Amino acid sequence: MQEMKPIKEGKVREIYDNGDSLIMVATDRISCFDVILNNVVSKKGTVLTQMSKFWFNLTKDILPNHMLSTDVKDMPEFFQQEKFDGNSMKCRKLNMIPVECIVRGYITGSGWASYQKTGEVCGIRLPEGLQESDKLPEPIYTPSTKAEIGDHDENISFEQSIAHLEKYYPGKGKEYAEKIRDYTIALYKKCAEYAASRGIIIADTKFEFGLDENGNIVLGDEMLTPDSSRFWPAEGYEPGHGQPSFDKQFARDWLKANPGNDWTLPQEIVDKTISKYLQAYEMLTGEKLA
């Protein structure tokens, strides 16, 4: 069996070159505050991959995506090991568009902090009198530039996103900026409405898009996972304060409360974290994780 090495390793994911396709593996690593923790959260990678698969299938009518298969039998022999089963996705190769497409349907996190100071989020003026976690009248699109590893992404206005893309795709900046904005809002609206019917609020999320060999825009990366989105339980939702969420909040809260933690979580916090991920998966898909 030929050993394969990732061509790119992120904090959580590894990407392998498979000739005319890529294999994306979501590992069981967990990162908080841009640091990879010493713990492994078993099954987390499988939840991320299977959740992306679910959403990719749900949104094919809006635009195509890069998923080819999540069955390791469709991948080189190297991936037919237990550690890759369920958490690996074979994908089309795309020329990725260098903008993170963030959409916010509710006001929370850095958006809430900014609104309290200026009444705006990423340069977008919002109605007065909003409370923390309020639903916005309409979802807002707040793109950012993708930073190199170690740097922070930078929020930009829609106009700046046109100029940014024009540098990479002369004569196409405006067209691509408008298309990815419109796709982002359309994807969010469809998925947020679906999630609401399953008892989950999608407060915000981010998408990434790429171009295929014919210059068509294709949805890439991961989609609507607890790593790239804020999911809140609809039950008990009330504006005026932060909401409990289906993600790494347990882990973040524990790390904040226990300085000198050496980036290592107690097992009970790890267990609570994965149970949140599993609960979100089961509520959204209506299925237990295989």
Side-chain angles (χ1 to χ4, degrees), residues 9-15 24-52 54-55 83 86-88 100 102 104-113 132-133 144 146-147 149-153 195 198-208 221-237 241-285 288-289:
E9 282 195 70
K11 288 189 281 287
V12 172
R13 283 175 306 163
E14 297 172 347
I15 299 179
M24 282 174 56
V25 178
T27 69
D28 290 340
R29 296 194 290 265
I30 181 169
S31 83
C32 290
F33 310 115
D34 285 338
V35 176
I36 297 171
L37 306 188
N38 296 319
N39 305 78
V40 166
V41 181
S42 57
K43 283 280 171 238
K44 176 175 173 274
T46 302
V47 173
L48 297 183
T49 297
Q50 297 302 320
M51 205 176 260
S52 286
F54 172 78
W55 292 114
K83 67 177 180 175
N87 63 348
S88 306
E100 299 230 308
I102 298 160
R104 304 165 192 261
Y106 291 73
I107 188 154
T108 182
S110 61
W112 170 242
E132 184 176 5
S133 308
S144 74
K146 283 181 64 72
I149 296 268
D151 289 338
H152 284 290
D153 298 342
R198 313 283 311 185
I200 288 184
I201 291 170
I202 303 175
D204 52 38
T205 192
K206 73 175 170 79
F207 301 116
E208 293 192 36
D221 201 51
E222 64 182 325
M223 183 176 184
L224 284 163
T225 69
D227 271 17
S228 67
S229 323
R230 275 194 185 90
F231 294 150
W232 297 337
E235 193 181 326
Y237 162 72
H241 52 81
Q243 308 297 312
S245 59
F246 291 99
D247 61 9
K248 320 183 257 205
Q249 209 51 53
F250 278 121
R252 290 193 200 101
D253 291 348
W254 188 87
L255 291 167
K256 271 189 191 157
N258 294 274
N261 51 57
D262 197 25
W263 300 108
T264 306
L265 299 167
Q267 190 56 40
E268 139 203 36
I269 299 295
V270 172
D271 294 344
K272 277 184 169 171
T273 300
I274 191 58
S275 80
K276 275 289 167 211
Y277 276 69
L278 287 167
Q279 189 189 355
Y281 178 82
E282 288 169 19
M283 285 176 75
L284 286 166
T285 64
K288 287 244 184 277
L289 191 72

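Along the sequence shown, residues carry numbers from 1. Everything numeric here is computed off the predicted structure, so don't read it as measured data.
Note that CD of Q249 and CZ of F231 are 14.5 Å apart. Values are rounded to the nearest 0.5 Å. Atom NZ of K44 and atom OG1 of T49 lie 10.0 Å apart (nearest 0.5 Å). One distance of note links CD1 of I107 with CD of E132; it measures 9.0 Å at 0.5 Å rounding. Note that CG of D28 is 6.0 Å distant from OG of S42, once rounded to the nearest 0.5 Å. The distance from atom CG of L48 to atom NZ of K43, rounded to the nearest 0.5 Å, is 12.5 Å. A distance of 12.5 Å separates NZ of K256 from CG of N261, quoted to the nearest 0.5 Å.
Residues Q267 and V270 meet the side-chain proximity criterion, which asks for heavy atoms closer than 4.5 Å. Two residues are said to be in side-chain contact when any heavy atoms from C-beta on lie closer than 4.5 Å; V47 and T225 fail this criterion. In this structure, the side chains of L224 and F54 stay at 4.5 Å or more apart for every pair of heavy atoms.
Among the candidates R198, K276, K288, the single residue satisfying the salt bridge (charged side-chain N to carboxylate O under 4.0 Å, His left out) test with E282 is K288. Of the residues D247, D204, T205, the one that meets the side chain to side chain donor-acceptor pair (under 3.5 Å) test with S229 is T205.
Proximity of a side-chain donor or acceptor of Y237 to a complementary backbone N or O of S133 within less than 3.5 Å is detected. Side chain of K248 to main chain of S31: a donor-acceptor pair is present (N/O by atom type, distance under 3.5 Å, no hydrogens or angles). No donor-acceptor pair closer than 3.5 Å links the side chain of S52 to the backbone N or O of E222. A donor-acceptor contact shorter than 3.5 Å links the side chain of Q50 to the backbone of G86. Between the side chain of N39 and the backbone N or O of L265, at least one donor-acceptor pair lies under 3.5 Å.
A195 approaches L284 most closely through the heavy-atom pair CB-CD2, 3.7 Å. Closest non-hydrogen pair, I30 versus A251, comes out as CD1-CB, 4.3 Å.
For S110, the side-chain contact (heavy atoms from CB on, under 4.5 Å) partners are R104, not counting sequence neighbours.
Relative ring orientation between W232 and Y106 is described as perpendicular, the plane-to-plane angle rising above 60° on a 0-90° scale split at 30° and 60°.
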Original post:
Could you walk me through whether M51 and Y277 pass the side-chain contact (heavy atoms from CB on, under 4.5 Å) check?
Top reply: CA-CA 10 Å; M51 205 176 260; Y277 276 69; over 6 Å; no

Original post:
Yes or no on salt bridge (Lys or Arg N to Asp or Glu O under 4.0 Å) for K11 and D34, after CA distance, side-chain angles and deciding distance?
Top reply: CA-CA 8 Å; K11 288 189 281 287; D34 285 338; 3.6 Å; yes

